[in-house]
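Reminder, nothing fancy here: chain letters follow the sequence lines and each chain counts from 1. Predicted, not measured: the structure shown is a model, and the values here were computed from it.
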Protein chains: 2
Amino acid sequence: MERTKKITIQDVAKYANVSVGTIDRVIHNRGKVSPEKKQKVEDAIKKLNFNPNLLARTLALGNQFLICTLSPLAPSPKHYWSMPKKGIDQAAAMYKDFGIVVESYFYNLFDESSFVEQTNKILELNPNGVILAPLFLQESTLFVDKLEKQNIPYVLIDADIPDHESLAYIGPDVKRSAYIAGKLLNSVIKENSDILILNMVKGFENASALNRIEKGFREYFTENRLKNKIRIHTLTINSTDKETVFRELTKFYIKNPLIKGVFVTNSKAYLISDFHLLHELDIRVVGYDLVEENIEHLNKGGIDYIISQSPLQQGVRAVQMLFELFIYKNEPKKVQHIPLDIIIRENVDFYIQFH
Amino acid sequence: MERTKKITIQDVAKYANVSVGTIDRVIHNRGKVSPEKKQKVEDAIKKLNFNPNLLARTLALGNQFLICTLSPLAPSPKHYWSMPKKGIDQAAAMYKDFGIVVESYFYNLFDESSFVEQTNKILELNPNGVILAPLFLQESTLFVDKLEKQNIPYVLIDADIPDHESLAYIGPDVKRSAYIAGKLLNSVIKENSDILILNMVKGFENASALNRIEKGFREYFTENRLKNKIRIHTLTINSTDKETVFRELTKFYIKNPLIKGVFVTNSKAYLISDFHLLHELDIRVVGYDLVEENIEHLNKGGIDYIISQSPLQQGVRAVQMLFELFIYKNEPKKVQHIPLDIIIRENVDFYIQFH
DNA sequence: ATTAATTATGTGTGCGGGCACACTTTTTTT
DNA sequence: AAAAAAAGTGTGCCCGCACACATAATTAAT
């Protein structure tokens with residue numbers, strides 16, 4: 001049963017009294033067509049509301065698009081960095097028949113040289129597009145410089161590189177996320193408490209992001225005139241190793257017994273929750289990212305809020321951006337801040353399902 | 001430059017030493033293939049990891065799928081019900097070249113007969129699939145009974161119809177959403193306050209949903225032993241008209257001056273916020289849905305939390321479900337609860353952009 | 001004016017698969 | 001054992017579009 005006849009190039013040709021070849025020339029601006037016919041064709045296209053069939057076009061063109069992705073290697077499927085990868089794979093499967101081929105490369109989070117190594121592999125391949133999680137700012141800058149020189153469009157996820165010509169940045173508004181963390185943490189502690197901004201860094205250079213986080217977090221308290229009621233401490237531990245963290249925390253908590261809330265600036269809030277549970281401390285925790293351990297501690301009550309930056313969505317969208325560029329020639333918006341989902345025990349299930 | 005050669009039916013044919021016709025018969029289980037050759041073909045398919053090209057298949061089949069949608073008419077683009085529509089249109093555009101055609105029908109939110117009228121139109125068209133927002137429970141039940149009789153798959157959005165064979169329900173977990181509302185409202189009021197569950201209903205029958213909402217909301221307070229600290233009132237106003245609502249609210253607040261928080265069970269929290277601002281009342285508000293007026297009042301501070309059930313996403317996903325059914329023959333999960341996004345002033349911008 | 005060089009236009013093939021049909025081989029029927 | 005039916009296999013055309021190539025109509029060059 002035919003319901004809506006689709007308009008094809010043939011229909012337009014018949015209507016305009018020319019051959020399909022001419023239609024083709026007009027559509028693709030190949031020239032070699034007389035002004036009168038060109039006009040006629042354009043009219044016909046408008047009149048019939050013709051839109052080229054994307055499937056047929058893709059099939060006929062038969063070209064392939066190679067997308068290389070470069071992100072940290074996830075030590076386990078539960079790890080944060082397995083999530084963008086999952087999103088990327090999902091989107092890749094969706095678009096594979098459009099000729100989109102995705103090849104994933106990974107670097108060691110604690111080894112800049114592995115990053116450089118992978119970038120060289122990618123540059124050699126001369127892909128049509130790149131998706132990059134630029135955790136090593138300096139090395140990443142060098143990499144994207146080269147990409148720009150080779151005219152390879154790239155999409156940044158998770159973190160941005162300022163002043164560069166990326167196709168798009170898809171990730172959180174870092175400062176805002178910390179501001180929200182401030183609001184959330186404040187909502188679960190009593191007045192006149194001390195709170196702690198807890199950084200755990202191991203190796204790589206993300207000082208600028210940490211700065212923006214701290215700034216955003218403190219901003220909430222200054223803007224809402226809570227500065228004299230709430231005292232904010234900062235503790236930076238140069239490790240994510242459980243033992244070291246526990247040791248440093250013990251030291252700190254003994255010196256600062258009034259701490260009633262902690263804002264953990266990476267995805268390892270569960271470590272701190274663990275510490276609190278172990279030592280029966282009633283301290284509220286706000287952290288980032290829905291990794292499995294955080295979900296556990298959210299359910300146990302050791303973590304109060306998790307701010308999620310939908311890493312899976314970031315992966316999906318990054319691929320979509322390049323797909324649209326290749327297939328539709330659409331240039332996306334440069335900066336696309338991902339929603340900062342506020343996760344509590346009561347809605348965590350929904351996010352597990354979808355993100 | 002060929003990077004990864006795609007495996008076609010021809011490749012498989014060559015590898016298995018048969019013609020493409022035979023491959024085709026094996027793939028589609030059309031029979032008329034000798035067991036030996038069938039085996040050979042299956043081996044070849046596995047060995048070469050052959051996946052039929054979806055674009056070519058769709059093009060060759062050339063069939064059309066009509067999806068009819070039936071949802072309340074949105075009086076303005078700002079209205080809640082324009083958002084699922086937007087999502088549906090977005091997805092429809094994406095899949096149009098796959099032969100997916102979407103026709104939208106609307107009914108008057110306050111007129112059951114308009115609903116029935118539209119259902120009849122749809123039934124006559126005998127579409128391949130239906131997307132339904134079943135706000136009139138009784139009439140909707142009759143409608144889906146007929147759909148089931150005509151073997152037309154349907155997806156429900158926004159509200160579910162129990163005990164029916166829908167392809168899927170895509171919408172919120174209503175009870176849970178109210179539980180969350182309880183938690184959120186509780187987090188912004190002082191101890192020993194009175195709070196109000198405010199229903200505004202005009203005409204149609206959604207009593208069951210309202211019951212579940214009230215139950216979920218109260219559950220939070222009982223489960224967390226807040227019953228003696230917080231007194232929960234319920235007020236149901238049979239109108240959404242500003243004047244009436246204001247009048248009823250005035251009456252109620254005069255009688256119950258201790259109210260410090262309101263949970264508005266529909267998308268019109270902005271009305272109540274308006275009332276509070278006008279009368280300089282310091283009463284916290286939690287409500288549903290990111291309609292434009294709510295966003296305004298979120299920013300003004302008159303609304304503290306909005307729980308959003310991503311209506312645009314609901315529309316998108318509903319179309320996707322049918323697309324997958326038609327094109328991939330995938331049956332989706334029956335119940336798909338949409339994430340209940342928690343919106344505050346600080347993250348509202350992100351949701352406006354994406355949802 | 002005649003040929004060469006352009007420019008304008010039409011035709012045909014292939015992308016990867018689906019399906020109708022033709023043809024061959026085997027099995028069943030009488 | 002011959003005819004009819006069924007099973008097994010291959011070929012060709014079509015889906016809608018892009019692009020190479022062939023052909024026709026102009027224009028420029030000699």
Of the options C:dG18, D:dA7, C:dT9, whose atoms approach the side-chain atoms of B:L61 most closely? C:dG18
Have a look at B:N53 and say if it touches a base, only the backbone sugar-phosphate, or nothing, with a 4.0 Å heavy-atom cut-off. sugar-phosphate
Distance below 4.0 Å between B:K37 side-chain N/O and D:dG8 OP1 or OP2: no
OP1 or OP2 of D:dG10 sitting under 4.0 Å from any side-chain N/O of B:S19? yes
Which is true for A:G21 with a 4.0 Å heavy-atom rule: it touches a base, it touches only sugar-phosphate, or it touches nothing? base
Whole Å only: how far is the CD1 atom of A:I9 from the C1' atom of D:dA18? 8 Å
Does the side-chain hydrogen bond (donor to acceptor under 3.5 Å, both in side chains) test come out yes or no for A:E124 and A:N120, once each step is laid out? CA-CA 6 Å; A:E124 251 172 57; A:N120 288 334; over 6 Å; no
Record whether the side chain of B:R25 comes under 3.5 Å of the base of C:dG18 through a donor-acceptor pair of N or O atoms. no
Quick one: B:N29 CG to D:dG8 P, roughly how many Å, whole number? 14 Å
A:D97 CG to C:dG16 P: how many Å, rounded? 11 Å
For A:R57 and D:dG16, give me the distance from atom CZ to atom C1', rounded to whole Å. 11 Å
Point-to-point distance, once rounded to the nearest 0.5 Å, from CD1 of A:I338 to CD of A:Q336: 7.5 Å
Nucleotide D:dA7, atom C1' - distance to CD of B:E36 in whole Å: 12 Å
Taking only side-chain N and O atoms of A:S34, does any of them lie within less than 4.0 angstrom of OP1 or OP2 on C:dT7? no
I need the A:L48 CG to A:I9 CD1 distance, nearest 0.5 Å. 12.0 Å
In whole angstroms, the gap separating P of C:dT9 from CG of A:N17 amounts to 12 Å
Approximate separation, where rounding is to 0.5 Å, of B:Q10 CD and B:S19 OG: 9.5 Å
Closest to the 5' end of DNA chain D, once B:P35 and B:G62 are matched to their nearest nucleotides, is B:P35
So, is A:T22 close to the C:dA8 phosphate, meaning a side-chain N or O under 4.0 Å from OP1 or OP2? no
Closer than 4.0 Å, any side-chain N/O of B:R30 to the OP1 or OP2 of C:dC19? yes
Classify the ring geometry between B:F323 and B:Y95 as parallel (under 30°), tilted (30 to 60°) or perpendicular (over 60°). parallel
Atom CG of A:L59 and atom P of D:dC17: how far apart are they, to the nearest Å? 12 Å
Rounded to whole Å, how long is the line connecting atom CG of A:N63 with atom P of D:dC17? 17 Å
